[in-house]
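Single-structure report; data block below.
Each chain gets a letter, A, B and so on, in the order the sequences are listed, and its residues count up from 1.
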Amino acid sequence: MKKENTYPVGKTINRLIKHLGAVDKPLWGYFILYTFFAGIYPILAVILPKLLIGELITSNPRIIHIIFIVFSFLGAASLFGYLKSVLYGITYPRMTMIRIEYLRDMAVKLMTMDYKYCEDASFNEENGKAFDSTSSNMNGIEGVYHKLFETPAIFLTSISFIVFIGMLDIWILVALLANVGMVYLIGRFGHFFQYNKRSELKHGERRIRYYDTTTHDFSYGKDIRLYNFRSRISKNFETEIRGYTDIWRSIKNREYGLGFFGLLTLLISDVATYGLLIVKMRAGMSIADFSMYLAAMVSLSGLLKTLIDNVTFVINEGQYAHDLFVFLDKDLGEKGGDLPAVKNDALEIEFRDVSFKYPKTDRYIFEHLNLIIRKGERLAVVGINGAGKSTLVKLMLGLFQVTEGEILINGRPLNDYNRLALWSMFSVVFQDINILAFTVKENVACRSDGIDEHRVKAAIDKVGLSDKIGSFAKGLDQMMLKIIEEDGALLSGGESQKLVIARALYKDANMVIMDEPTAALDALAEAEIYEDFSHLVKGKTAVYISHRLASTKFCDKIALFDIDGLCEYGNHAELMQKRGSYYKMFTVQGKYYREGASVNG
Amino acid sequence: MDEKKRRRGQNLKMLILFFSLAWKISPAYILILIANAVIGGGQVLANVILPKFLVEELVGQMRSRELLIFAGIIICGNLLFAFLNNTVKRLLDVRNIYVRHSLSRAMADKIMNIEYGHLEDPYYLDLKERGVFAINNQSALENLINSAATALKSAVTLIGLMTVMFTLSWVLVLLLCTALATTLLFNRNFKKYQLKFFEQLLPVNRRYGYYVGLTFDDKIQKDARLYNMAPMITDRITYYNADINNWFTKFNRRYGRFSGLVGIIGDLQAALAYGYVGIRVITDKLGSRIGLGSFTMYVSSAISFSTTFTQLGNSVITINQMLGYLDPFFEFMRIPDQRETGGHVVFEDGIKSIEFINVTFTYPKCEKPVLKNISFKIEGGEKISIVGLNGAGKTTLIKLLCRLYKPDSGMIKINGMNIFEYDHESYLARIAAVFQDYRLFAFGIDENITCKPSGTDDISIDNLLTQVGLKDKIESLPNGIKTTLGKAYSPDGVELSGGESQKVAIARALYKNASLIILDEPTSALDPLAEADIYANFNKLVGDKTAFYISHRMSSSVFCDRILILQDGMVADFDTHTALMAKKDSLYFKLFNSQAENYKE
């Protein structure tokens with residue numbers, strides 16, 4: 001049988017326990033008390049009948065004795081049972097807390113790890129288990145903690161019963177253990193078969209998940225209705241579900257088949273139990289003892305099965321905890337070098353012989369790119385889709401590493417800068433507009449405390465959002481989006497774009513980068529932004545990416561990229577004179593405007 | 001009192017809805033659940049009743065043959081039930097998977113069938129999010145199903161056990177039922193608390209889920225790093241961690257005490273049962289004396305009764321808890337499907353005229369109308385550009401034309417007939433749209449274009465591909481036109497760039513052979529050369545169909561026949577480009593020139 005649990009089970013559990021001890025010492029005390037009470041509680045229920053029946057078969061059973069026995073039981077059971085429940089209730093949420101703190105640690109790591117992992121689809125898959133480990137009360141890390149907490153008590157009770165029954169007759173014990181052992185083996189074989197099917201399962205799950213997320217996404221609604229995709233999607237979804245269910249069916253069939261071995265050992269165990277007990281009765285054992293041993297056997301059988309289930313669970317789910325630890329421990333390239341941010345100076349960026357292709361791909365986006373963006377210069381980056389304009393920005397920001405060559409900022413290698421320092425030097429407006437469920441001022445300042453409200457107001461004014469923000473009852477303190485508060489505010493596409501430009505303004509960093517910042521704006525709003533662009537970037541180095549070549553006219557230099565890399569570089573007049581690709585694009589884009597304008601003269 | 005009744009009624013309604021949904025998906029499922037309950041009950045009863053005969057023989061004559069028979073019956077009974085349980089488990093395990101995913105699919109169907117307006121309503125978006133969250137993250141469906149199965153089994157068992165105990169004496173049943181009633185009272189009390197608790201917790205959970213979700217959202221990761229948003233977000237998560245922990249600590253402490261009390265009542269029941277039955281063995285003061293065998297049986301049934309009842313209580317609590325989580329899911333499923341309010345006239349011919357007559361429209365739950373008294377008429381075959389500032393109502397007009405919404409007042413006519421009098425399907429078949437937020441599916445590229453299963457019409461697709469400029473790209477793919485879009489579904493799918501995807505969407509609209517084409521910002525992701533291609537070929541692509549074209553790039557108005565200007569929800573003007581440009585202080589003139597200026601030499 002192939003070992004798929006190739007993770008260090010012992011080490012992982014050890015680490016889990018150590019962590020628990022470190023953050024919540026009192027839990028140990030509770031745990032010991034719980035184990036004691038929960039361990040003994042089931043034993044009471046086995047002793048009671050023995051004592052009672054013992055009294056009943058005496059020659060002169062007395063009612064008063066019956067009552068005494070019953071009440072003692074009631075007292076003891078009530079006490080143990082109640083304390084056990086209360087202790088469980090106190091300790092359960094403490095383990096939940098540990099899990100959600102792990103979740104927070106994972107979140108921190110996700111937000112600060114090297115950016116390249118965020119665009120890596122396989123990263124998510126590889127670390128899927130790590131991410132799942134903190135997502136529920138009953139599985140993953142918390143599941144393991146709960147089982148570790150509950151199981152020693154069960155173990156305690158089981159040992160008591162084993163010793164007890166063993167003292168009567170070792171063979172009954174052997175038969176019982178054989179039966180339980182077989183149940184365990186069946187479980188393992190079943191799990192092993194499931195493991196073999198895991199890639200089929202994974203594919204099936206991925207396809208079902210695609211349908212889940214797509215069909216549950218409201219933004220598909222128009223196209224589904226307009227192009228009549230309803231029945232196709234529904235049918236495909238059904239097919240996927242059936243296919244997936246079929247995989248499970250074959251796994252379960254195997255399990256079911258193996259179950260017959262379990263029936264066989266059950267038969268043997270029962271025959272041994274009843275047979276031996278009856279023989280002993282004929283040899284003189286009392287009916288009271290008979291009942292007690294029988295009850296103990298039934299109890300023990302159940303306890304051992306639970307014990308095995310719990311141990312199997314811990315071993316299986318422990319894998320998730322292990323994957324999480326691997327993820328948290330891994331150095332995912334967060335910090336960068338030591339250089340602090342450049343202060344009070346514009347940036348000069350130099351691409352020196354830079355070649356780059358995305359990880360795990362073959363196509364070079366750039367090869368031997370040489371480009372200098374001088375201090376205070378305004379550079380427009382233009383080109384067809386797929387030429388690499390956004391990639392250029394990602395490299396400049398250290399979000400991806402160059403494959404060959406290097407990038408220098410003010411003469412120093414990019415990687416020498418501390419990452420946070422590096423990022424503090426850029427005010428960027430990306431293509432994706434992200435307004436988050438925080439207040440207006442938090443969205444602009446990107447922090448929750450230490451917000452300079454004057455600066456926020458100034459930024460909002462500059463982008464022309466004062467009226468809109470002023471119309472909110474809470475003004476700058478207005479919560480955005482409706483997910484946190486029902487009366488949260490929503491902005492239109494254009495207003496949202498202005499808000500993220502305000503964010504860049506507030507930051508007031510050494511360099512400004514704008515990637516298609518006016519794509520969602522109408523012509524007048526767009527013109528406003530162009531007008532202000534000079535104000536926005538005054539004195540700073542700036543990079544402006546756009547399809548709309550008219551906007552690039554304002555820049556000092558223009559870099560035109562095509563599928564082979566940087567193909568034209570110069571200012572607008574120079575490039576127009578060249579009559580090259582830039583000239584072609586500019587003319588083509590302006591054609592209809594000139595036609596339209598010329599109609600009127 | 002009313003609130004309690006309403007809640008209880010609501011939970012019951014949800015449960016009924018759940019089972020009716022499950023029955024629709026798989027009637028066999030419900031039947032297996034019932035069989036599971038009956039078998040479970042039968043097993044408990046067998047374990048309670050059969051030993052009586054063995055015990056009686058053991059304290060009586062100890063005849064070998066009888067001992068063999070009775071022990072044999074017990075052993076065979078165990079074997080039979082083990083076999084039946086295995087079988088039911090095999091059936092249930094597979095069905096559970098099928099039903100769980102089918103319920104998700106039922107939601108997908110619902111989303112595709114409800115009135116479109118709901119999909120743009122933040123209330124329903126939020127409802128859907130919460131429903132989906134419960135299903136995916138909290139395993140609410142699985143837990144509900146399992147608890148329902150246990151509850152059913154417990155209920156059946158309880159009935160059987162009560163029957164057995166009645167044969168001894170109604171006094172025993174009375175004693176137990178009194179203890180039971182006390183438990184029920186506690187249960188009711190706790191349930192009230194539990195409902196209130198989860199109601200208050202749901203929004204907390206949702207907000208927590210949002211912030212955690214942000215850390216997994218790849219769209220925000222660039223901004224998060226550049227603007228150092230991590231502390232802001234993770235601080236929120238820490239805050240909610242503490243908040244959630246407080247909630248759950250309170251809840252679990254209460255639950256611990258509650259289950260402790262229930263446990264004590266359970267032990268009390270056991271004590272009473274043992275006491276009463278024991279006394280009936282000794283004396284006939286309370287009724288005719290019974291033998292030791294019967295003692296075993298009655299005591300056994302009393303104990304089983306308590307444990308089964310506790311099981312039932314716990315299942316009911318879990319069911320309530322899960323129903324609480326699933327409340328949004330069920331509320332969503334209860335939304336009525338869109339009733340076809342249209343007429344039955346089949347829309348066959350081409351379009352001869354489109355007319356808006358005094359159309360006013362306000363979005364549901366909004367105060368201000370987006371469109372006020374819109375009136376205009378266009379001839380068939382005209383190409384109309386719709387122009388206006390952001391928020392002017394351009395996209396809304398389109399949605400009304402597509403019958404996604406219905407005007408508050410006024411009418412839209414095509415070919416002289418109110419569009420709502422046409423049969424819905426044939427009407428939609430004549431309209432093709434590329435929305436600003438168009439969506440493509442993880443089917444083959446050919447299927448995305450034809451909206452039909454692969455293998456139809458290759459020739460016309462080929463022409464289309466050339467016209468939109470996709471032919472080279474498709475030929476470069478190993479599977480050509482049959483390549484799946486996107487990598488979410490299958491690893492050998494292809495990720496198209498923004499521009500290439502837009503071309504597929506345009507091809508899809510053109511393939512449909514509709515009479516009316518609507519293009520909403522269709523070239524926003526295309527570079528100037530590709531955009532120029534589309535413009536140049538526009539008339540060829542669209543042919544003699546009627547077309548609406550919305551764009552911020554004013555250059556597109558030049559090749560349209562007339563331009564509709566929307567300002568503040570009203571028609572500001574409707575004329576040819578030449579005529580509009582003559583009005584030098586109009587909005588149109590301003591918009592056009594602000595962009596055209598940049599292309600002047």
With a 4.5 Å limit on heavy-atom distance, are the side chains of [X] and [Y] in contact?
X: A/I224; Y: B/F441; answer: yes
X: A/H216; Y: B/S104; answer: yes
X: A/L266; Y: B/L79; answer: yes
X: A/K222; Y: B/D437; answer: yes
X: B/K222; Y: A/V428; answer: no

Out of [options], which one racks up the most heavy-atom pairs below 4.5 Å with chain A?
options: B/T283, B/I74, B/D223, B/D218; answer: B/D223
options: B/L428, B/I279, B/V212, B/L125; answer: B/L125
options: B/N78, B/D126, B/T296, B/I431; answer: B/N78
options: B/R257, B/E120, B/R508; answer: B/R508

What is the minimum heavy-atom distance between [X] and [Y], and which atoms define it?
X: B/L226; Y: A/F426; answer: CD1-CB, 4.0 Å
X: A/F73; Y: B/D267; answer: CE2-O, 4.1 Å
X: A/G221; Y: B/L119; answer: CA-CD1, 3.8 Å
X: B/N252; Y: A/P93; answer: CB-CD, 3.7 Å

For chain B, which of [options] has the most heavy-atom pairs under 4.5 Å?
options: A/N253, A/L397, A/L490; value: A/N253
options: A/F218, A/Y211, A/F290; value: A/F218
options: A/L44, A/I67, A/V70; value: A/V70
options: A/H203, A/R94, A/R242; value: A/R242
options: A/T91, A/L83, A/I208, A/T96; value: A/I208
options: A/S291, A/P49, A/G275; value: A/P49

Rounded distance [0.5 Å steps], [atom1] in [X] versus [atom2] in [Y]:
X: B/R90; Y: A/R249; atom1: CZ; atom2: CZ; result: 6.0 Å
X: A/I278; Y: B/L67; atom1: CD1; atom2: CG; result: 5.0 Å
X: A/F237; Y: B/M112; atom1: CZ; atom2: CE; result: 9.0 Å
X: A/M97; Y: B/I244; atom1: CE; atom2: CD1; result: 9.5 Å
X: B/M232; Y: A/C446; atom1: CE; atom2: SG; result: 5.5 Å
X: A/F71; Y: B/L268; atom1: CZ; atom2: CG; result: 8.0 Å

Heavy-atom distance under 4.5 Å to chain A: side chain of [X], backbone, both or neither?
X: B/L587; result: side chain
X: B/V299; result: neither
X: B/N241; result: both
X: B/E531; result: side chain
X: B/L292; result: side chain
X: B/A432; result: both
X: B/N113; result: both
X: B/R236; result: side chain
X: B/F295; result: side chain
X: B/Y210; result: side chain
X: B/L404; result: side chain
X: B/F435; result: side chain

- Query: Charged N to carboxylate O under 4.0 angstrom, B/K219 versus A/D432?
  - Reply: no
- Going by the angle between their ring planes, with limits at 30° and 60°, are A/F438 and B/Y211 parallel, tilted or perpendicular? tilted
- Message: Angle between ring planes, A/F260 versus B/F83, binned at 30° and 60°: parallel, tilted or perpendicular?
- Response: tilted
- Message: Run B/Y208 and A/L103 through side-chain contact (heavy atoms from CB on, under 4.5 Å) and show every step you take.
- Response: CA-CA 11 Å; B/Y208 179 71; A/L103 178 58; 2.9 Å; yes
- Message: Within 45 degrees of the ring normal and closer than 6.0 Å to the centroid, is that where the cationic atom of B/R225 sits relative to A/Y115?
- Response: no
- Message: Ring of B/F443, cation from A/R232 - is the NZ or CZ under 6.0 Å from the centre and inside 45° of the axis?
- Response: yes
- Begin from the C-alpha positions of A/K252 and B/I97 and carry the test side-chain contact (heavy atoms from CB on, under 4.5 Å) through to its verdict. CA-CA 12 Å; A/K252 294 290 173 183; B/I97 295 170; 5.5 Å; no
- Message: Tell me if a side-chain donor or acceptor on A/R104 pairs with a main-chain N or O of B/T234 at a distance below 3.5 Å.
- Response: no
- Message: Please identify which of these residues, A/I57, A/L56, A/I66, meets the side-chain contact (heavy atoms from CB on, under 4.5 Å) condition with B/V281.
- Response: A/L56
- Taking the six-membered ring for Trp, is the centroid-to-centroid distance between B/F248 and A/Y92 below 6.0 Å? no
- Task: Please lay out, stage by stage, how B/S102 and A/I241 fare under the test side-chain contact (heavy atoms from CB on, under 4.5 Å).
- Result: CA-CA 7 Å; B/S102 298; A/I241 295 178; 4.2 Å; yes
- When you look at A/T245 and B/H101, which way does the side-chain contact (heavy atoms from CB on, under 4.5 Å) test go after all the steps? CA-CA 9 Å; A/T245 311; B/H101 286 288; over 6 Å; no
